[in-house]
Chemist: 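Sharing a structure with you now.
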Amino acid sequence: MGWLRRASGRLPTRRPPAGGGRAAERAGAGAGRATGLRRGCDGVATASRPRAEGVLAVGTGLMIAAFEFASLPAVVGLALLGAVVAAFSYRALTPSGTTRAARGLLAGIAMRRLLSAAYFGADTFLPLGPTELRGLGTIEAGPGRSAGAPTWVAGSALRARWDDRCGARLRPTYSALGTVVLCVGIVVSTATILIDAVPPLVAVAGWAIGGFGMGVAYHAASAAVVAQGPDEQQGRTGAALQLSQTFAVAVLGGLGGGAVALSHAHGAGLGTALGVTFGRTALLAPVAIPVSRRIKVPPAH
């Protein structure tokens with residue numbers, strides 16, 4: 001039953017080496033350079049990190065707040081300005097190579113960012129379509145969103161069992177496979193919301209498929225990252241993962257809300273806004289597949 005405990009979402013941890021001292025410090029520094037965790041994984045000096053975090057928050061907020069304006073030039077200009085500020089701040093706060101998904105640990109962090117953007121960017125707006133476009137009540141539409149939770153656990157449990165049988169060497173493959181399944185779930189849910197001929201409750205099955213794919217891909221990528229991080233850098237590795245996920249969810253959620261606001265202001269219709277939102281999240285999945293192939297697996301001992 002060890003695989004079931006690991007499926008709960010806990011990432012593997014490792015004890016620090018028993019014999020510390022200068023040798024361990026030199027080994028940790030060398031491992032940090034090898035995995036891309038230079039300068040303590042922060043990418044910036046400790047004293048300047050709060051400043052970079054503040055700039056990241058301001059840039060992201062500016063990008064999202066831009067959609068409050070009715071004028072399209074104002075929306076585009078402010079959104080682009082905020083996006084540039086946020087992107088440079090995120091780059092400063094993460095290890096060098098994270099934004100371009102450099103091979104190894106950094107590709108795993110990028111994979112976590114893409115998966116979070118794809119799944120939560122769609123999940124946030126999933127109840128809106130059935131209630132506003134398909135005429136379902138909140139009680140009927142609720143299972144569509146909650147269907148992803150138990151299948152996420154099931155996908156993670158299956159991935160843990162695969163790890164027991166095959167070891168860690170196939171984690172990049174699991175991550176790619178789960179990403180494909182997630183994309184299928186997003187497409188099925190989107191079609192259900194936008195196409196009247198499809199029964200609206202098919203969205204429940206669609207999001208159950210998406211949750212299963214997320215359970216497989218998300219934990220495979222996360223486990224691969226933690227396994228590659230030096231023992232002395234486990235906390236900072238987790239911080240880079242969490243920052244990437246939070247940033248991605250905030251951006252995709254904000255862009256989705258902005259699409260809804262623009263459609264309301266310019267009479268484009270909610271269907272158009274949701275089509276753009278779900279289409280954007282579905283396109284992130286094909287982008288994530290080649291990134292998953294860049295995750296290196298530590299050699300077996």
Chemist: Shared ILVMFWY cluster between Leu72 and Leu80, side chains joined below 4.5 angstrom?
Modeler: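 No; tracing contacts between hydrophobic side chains, which count when under 4.5 Å, never links both residues.
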Chemist: Distance only, no hydrogens: is a donor on one side chain within 3.5 Å (strictly under) of an acceptor on the other, for Thr98 and Arg91?
Modeler: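 Thr98 vs Arg91: no donor-acceptor pair found between side chains.
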Chemist: On a heavy-atom basis, which atom in Phe125 and which in Gly256 lie closest, and how many Å separate them?
Modeler: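 Heavy atoms only, the tightest pair is CZ-C, 3.3 Å.
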Chemist: Taking it one step at a time, do Ile186 and Ile209 satisfy side-chain contact (heavy atoms from CB on, under 4.5 Å)?
Modeler: CA-CA 8 Å; Ile186 295 175; Ile209 295 171; over 6 Å; no
Chemist: Has the side chain of Thr124 got a donor or acceptor atom that lies under 3.5 Å from a matching backbone atom of Gly121?
Modeler: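 No, the answer is negative, given that no donor and acceptor are paired below the 3.5 Å cut-off.
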Chemist: Just how far is it from atom OG of Ser89 to atom CZ of Arg51, taken to the nearest 0.5 Å?
Modeler: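 If I round to the nearest 0.5 Å, the distance is 11.5 Å.
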Chemist: What I'd like to find out is whether the side chain of Met63 reaches to under 4.5 Å of the side chain of Val84, using heavy atoms alone.
Modeler: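 No, every pair of side-chain atoms sits at 4.5 Å or beyond.
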Chemist: Would you mind reporting whether Arg159 and Tyr218 have side-chain heavy atoms less than 4.5 Å apart?
Modeler: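 Not in contact.
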Chemist: Please name all residues satisfying side-chain contact (heavy atoms from CB on, under 4.5 Å) with Glu68, sequence neighbours left out, ordered by chain then number.
Modeler: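 Partners of Glu68 under the side-chain contact (heavy atoms from CB on, under 4.5 Å) test: none.
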Chemist: Decide yes or no for Pro130 and Ile193: does some side-chain heavy atom of the first lie under 4.5 Å from some side-chain heavy atom of the second?
Modeler: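 The answer is yes; the side chains approach within 4.5 Å.
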Chemist: For Ser263 and Val260, indicate whether the former's side chain and the latter's backbone hold a donor-acceptor pair under 3.5 Å.
Modeler: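 Flag set: sc Ser263 to bb Val260 pair under 3.5 Å.
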Chemist: Do Val216 and Trp162 come close enough that some side-chain heavy atom pair is under 4.5 Å?
Modeler: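 Yes, close enough: below the 4.5 Å cut-off.
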Chemist: How would you list, by chain and number, every residue that makes a side-chain contact (heavy atoms from CB on, under 4.5 Å) with Ser292, sequence neighbours excluded?
Modeler: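 By the side-chain contact (heavy atoms from CB on, under 4.5 Å) rule, Ser292 matches Met111, Ser175, Ala176.
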Chemist: For the pair Phe212 and Leu158, evaluate side-chain contact (heavy atoms from CB on, under 4.5 Å) and give the outcome as yes or no after the intermediate values.
Modeler: CA-CA 9 Å; Phe212 181 83; Leu158 181 61; 3.6 Å; yes
Chemist: Please tell me whether Ile64 and Val58 are part of a single hydrophobic cluster in this structure, the criterion being side-chain heavy atoms less than 4.5 Å apart.
Modeler: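 No.
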Chemist: Using the test side-chain contact (heavy atoms from CB on, under 4.5 Å), find all partners of Val180 that sit at least two apart in sequence or belong to another chain.
Modeler: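 Applying side-chain contact (heavy atoms from CB on, under 4.5 Å) to Val180 gives Ile289.
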Chemist: Would you compute the distance between atom OG1 of Thr94 and atom CG of Leu106 and round it to the nearest 0.5 angstrom?
Modeler: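 Between atom OG1 of Thr94 and atom CG of Leu106 there are 8.5 Å.
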Chemist: Using atom types as modelled and distance alone, determine if a side-chain donor or acceptor of Thr151 lies under 3.5 Å from a backbone N or O of Ala208.
Modeler: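 Checking the backbone N and O of Ala208 against the side chain of Thr151, a donor-acceptor pair under 3.5 Å is found.
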Chemist: Considering all heavy atoms of both residues, which atom of Pro172 and which atom of Ile295 are nearest to each other, and what is their separation?
Modeler: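 Where Pro172 meets Ile295 most closely, the heavy atoms are CG-O, 3.2 Å.
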Chemist: Working to the nearest 0.5 angstrom, can you tell me the gap between Leu114 CG and Leu283 CG?
Modeler: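 The CG atom of Leu114 sits 12.0 Å away from the CG atom of Leu283.
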Chemist: Excluding sequence neighbours, so at least two apart, what forms side-chain contact (heavy atoms from CB on, under 4.5 Å) with Leu252?
Modeler: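 Partners of Leu252 under the side-chain contact (heavy atoms from CB on, under 4.5 Å) test: Ala117, Arg280, Thr281, Leu284.
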Chemist: Can you list the residues that meet the side chain to side chain donor-acceptor pair (under 3.5 Å) rule with Ser244, with sequence neighbours excluded?
Modeler: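 Side chain to side chain donor-acceptor pair (under 3.5 Å) list for Ser244, sorted by chain: Tyr90.
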Chemist: Could you check if a side-chain atom of Val85 sits within less than 4.5 angstrom of a side-chain atom of Leu62, using non-hydrogen atoms only?
Modeler: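 SC-SC contact between Val85 and Leu62 ruled out.
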Chemist: Show, in sequence, the C-alpha distance, side-chain angles and deciding distance for Tyr174 and Asp163, and conclude whether the side-chain contact (heavy atoms from CB on, under 4.5 Å) test is met.
Modeler: CA-CA 10 Å; Tyr174 303 154; Asp163 267 6; 3.5 Å; yes
Chemist: Do other residues, nucleotides or ligands put more than 12 heavy atoms under 6.0 Å from Phe120 CZ?
Modeler: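 Yes, because the 6.0 Å sphere around CZ of Phe120 holds more than 12 heavy atoms from other groups.
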Chemist: Is the shortest heavy-atom distance from the side chain of Trp207 to the side chain of Asp123 under 4.5 Å?
Modeler: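 Trp207 reaches Asp123 side chain to side chain.
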Chemist: Are the side chains of His219 and Met214 in contact, using a 4.5 Å heavy-atom criterion?
Modeler: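 A side-chain contact is absent here, since even the closest heavy-atom pair is not under 4.5 Å.
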Chemist: Once you round to the nearest 0.5 Å, how far does CG of Leu126 lie from OH of Tyr119?
Modeler: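 Taking CG in Leu126 and OH in Tyr119, the distance rounds to 8.5 Å.
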Chemist: For the hydrophobic clusters of this structure (ILVMFWY residues joined by side-chain heavy atoms under 4.5 Å, transitively), does one cluster hold both Val76 and Val276?
Modeler: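 No, no single cluster joins them.
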Chemist: Just verifying a value: how many Å separate Thr173 OG1 and Leu177 CG, rounded to the nearest 0.5 Å?
Modeler: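 Atom-to-atom, Thr173:OG1 and Leu177:CG are 8.5 Å apart.
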Chemist: Show every salt bridge (Lys or Arg N to Asp or Glu O under 4.0 Å) that has at least one partner inside residues 189-218, sequence neighbours left out.
Modeler: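 As it turns out, the salt bridge (Lys or Arg N to Asp or Glu O under 4.0 Å) pairs with a partner in residues 189-218, which skip direct neighbours, are Arg134-Asp196.
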Chemist: Nearest 0.5 angstrom please: Ser156 OG to Arg161 CZ, how far?
Modeler: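 Separation between the atoms: 13.0 Å.
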Chemist: Using the rule that Ile, Leu, Val, Met, Phe, Trp and Tyr join whenever any side-chain heavy atoms are under 4.5 Å apart, tell me whether Val187 and Val181 fall into a single cluster.
Modeler: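 No, separate clusters.
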Chemist: Is there a side-chain contact between Glu53 and Leu93 in this structure, where contact means two heavy atoms from C-beta onward sitting under 4.5 Å apart?
Modeler: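 Yes. Closest side-chain heavy atoms under 4.5 Å.
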Chemist: Hey, does the side chain of Arg294 reach the backbone of Ala101 with a donor-acceptor pair shorter than 3.5 angstrom?
Modeler: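 Yes, the answer is positive, given that a donor and an acceptor are paired below the 3.5 Å cut-off.
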